[in-house]
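What follows is a single structure, written as structure tokens, with notes after it.
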Amino acid sequence: MKLQTTLALVLLSLSASSWAQTTALPEWDALTPQQREALIAPLRDRWNNSAAPQRERMLQHGQRWQNMTPEQRELARRGRHRFENMTPEQREQARVLFAQMRSMTPEQREALRARWGKMTPEQRQEWLKSNR
């Protein structure tokens, strides 16, 4: 998430300093080597500073992103924005919930979603405490 934000900020700064605002940003092949380096450097640093399991996850995320349709990518972006706008407590709850869902079958996930929607805030807190 931070990587995508960083890349977006780099692209924004490149576009502000290199092109008029009405000019569309070029395709990757049209970028200068310096522009490409500015985009890649944060990812390289993050990769080099990560342990093997984190690198594996980064690689899987990149591969999954490449296989997504434009619509799926837009849904992922919306989810990221929704997560970024959560309070720290809401983010922690989401992390616990998503961690549990990773180990579930699709049927189990759907059952949990249905159950979650019917829970009171107190019941949700109890579920989160028992599933950390």
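Scope of the values below: all heavy atoms of this structure, side chains included, with no hydrogens, waters or symmetry mates.
- T105 contributes atom OG1, which lies 7.0 Å from atom CZ of R109 (distance to the nearest 0.5 angstrom).
- One distance of note links CD of Q72 with CG of N67; it measures 9.0 Å at 0.5 Å rounding.
- Considering every non-hydrogen atom in both P26 and A30, the closest pair reads CB-CB, 3.6 Å.
- One finds the CZ atom of R80 at 10.5 Å from the CG atom of N85 (value rounded to the nearest 0.5 Å).
- Smallest separation of non-hydrogen atoms from L112 and M104: CD2-CE, 3.6 Å.
- Rounded to the nearest 0.5 angstrom, T87 OG1 and E92 CD are separated by 10.5 Å.
- Scanning both residues, N131 and V96, for their nearest heavy atoms gives O-CG1, 3.8 Å.
- Counting heavy-atom neighbours within 6.0 Å of E27 CD, excluding the residue itself, gives a total of 12 or less.
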Side chain to side chain contact (heavy atoms under 4.5 Å, CB included) between R55 and N48, intermediate numbers included: CA-CA 9 Å; R55 287 180 180 185; N48 289 337; 4.3 Å; yes

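- The neighbour count for R82 CZ, taken as heavy atoms of other residues, nucleotides or ligands under 6.0 Å away, does not exceed 12.
- Considering all non-hydrogen atoms of both residues, Q125 and E89 come closest at NE2-OE2, 4.3 Å.
- Checked by atom type and distance alone, the side chain of Q54 pairs as donor or acceptor with a backbone atom of A51 at under 3.5 Å.
- Using a 4.5 Å cut-off between side-chain heavy atoms of Ile, Leu, Val, Met, Phe, Trp and Tyr, with links allowed through other members, M101 and L128 fall into the same hydrophobic cluster.
- Minimum interatomic distance between M119 and W127 (heavy atoms only, all atoms of both residues): CE-CD1, 4.0 Å.
- Here the closest heavy-atom approach between residue Q35 and residue T32 is recorded as OE1-N, 2.8 Å.
- Separation of atoms CG (D45) and CD1 (I40) is listed at 11.5 Å; rounding is to 0.5 Å.
- R124 CZ to Q93 CD: the interatomic distance, rounded to the nearest 0.5 Å, is 8.5 Å.
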